Amino acid sequence: QVQLVESGGGLVQAGGSLRLSCAASGLTFSRYAMGWFRQAPGKERAFVAAIRSDGGNSYYANSVKGRFTISRDNAQNMVYLQMNSLKPEDTAIYYCAADRTFTTLNYSYDFWGQGTQVTVSS
């Protein structure tokens, strides 16, 4: 059974940083691209960042480019999202997801975590 478990969310002031982690189990992690998505209240789930299965390439949403960094450790079955210069509009539930293809399309992703709340105060 595939499990993706996010951690690292919390409350932070604008301009601060958080590092989200996602622990994967039940899948051959090194064969999956990993993505981070977020859903703010009243909005649809949106793409944040994705990383190729070997870590050799990554995509970012324009809204987070230059502030967020996605990375992975295939030996530990972990994916991370380093979030710097946080803004109140980054407030959302953040989800990690796994897919066999390297894509930004949320409907393509096969497996999802339960999410972790990130709240950025002004």
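Here, residue 1 is the first one in the sequence, and each next residue gets the next number. From a predicted model like this one, the values you see are computed outputs, not experimental measurements.
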Seminar exercise, completed: Contacts satisfying ring-ring contact (aromatic ring centres under 6.0 Å, His included) that involve residues 22-46 (not counting sequence neighbours) are Phe37-Phe47, Phe37-Tyr109, Phe37-Trp112
For this session: Just grab all the ring-ring contact (aromatic ring centres under 6.0 Å, His included) pairs involving residues 51-90, residues at least two apart or on different chains.
Result: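 Every ring-ring contact (aromatic ring centres under 6.0 Å, His included) pair that includes a residue of residues 51-90, provided the two are not neighbours, is Tyr59-Phe102.
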Could you tell me which residues satisfy side chain to side chain donor-acceptor pair (under 3.5 Å) with [X], sequence neighbours excluded, listed by chain and number?
{"X": "Ser25", "answer": "none"}
{"X": "Gln117", "answer": "Thr119"}
{"X": "Tyr95", "answer": "none"}
{"X": "Gln39", "answer": "none"}

Exercise. Is a side-chain donor or acceptor of Thr91 paired with a backbone partner of Val120 at a separation under 3.5 angstrom?
Worked result: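 Yes: the side chain of Thr91 pairs with the backbone of Val120.
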For this session: Spell out, as yes or no, whether a donor-acceptor pair under 3.5 Å connects the side chain of Gln1 to the backbone of Gly26.
Result: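 A pair under 3.5 Å: no.
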Specify the closest pair of heavy atoms between [X] and [Y], including all atoms of both residues, with the distance to one decimal.
{"X": "Ser122", "Y": "Pro88", "answer": "CB-CG, 3.8 Å"}
{"X": "Arg72", "Y": "Ser30", "answer": "NH2-CA, 4.3 Å"}
{"X": "Thr101", "Y": "Ser108", "answer": "OG1-OG, 3.5 Å"}

Spacing of [X] atom [atom1] and [Y] atom [atom2] [to the nearest 0.5 Å]:
{"X": "Ser53", "Y": "Asn74", "atom1": "OG", "atom2": "CG", "answer": "7.5 Å"}
{"X": "Ile93", "Y": "Glu6", "atom1": "CD1", "atom2": "CD", "answer": "10.0 Å"}
{"X": "Leu18", "Y": "Leu11", "atom1": "CG", "atom2": "CG", "answer": "9.0 Å"}

Side chain proximity check, [X] to [Y], heavy atoms < 4.5 angstrom:
{"X": "Ser17", "Y": "Val12", "result": "no"}
{"X": "Met34", "Y": "Leu4", "result": "yes"}
{"X": "Leu86", "Y": "Asn84", "result": "no"}
{"X": "Leu20", "Y": "Met83", "result": "yes"}
{"X": "Ile51", "Y": "Val79", "result": "yes"}

Would you mind listing every salt bridge (Lys or Arg N to Asp or Glu O under 4.0 Å) that reaches into [range], with sequence neighbours excluded?
{"range": "residues 98-110", "result": "none"}
{"range": "residues 40-53", "result": "Arg52-Asp54"}
{"range": "residues 12-27", "result": "none"}
{"range": "residues 57-68", "result": "Arg67-Asp90"}

For this session: Kindly state each residue pair satisfying disulfide bond (SG atoms under 2.5 Å apart) with at least one member in residues 3-117, sequence neighbours excluded.
Result: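 Checked against disulfide bond (SG atoms under 2.5 Å apart) - neighbours excluded - the pairs reaching residues 3-117 are Cys22-Cys96.
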Problem set entry | Remaining members of hydrophobic cluster (4.5 Å side-chain criterion), Tyr107 |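 Reading the cluster by chain and number, Tyr107 sits alongside Leu105.
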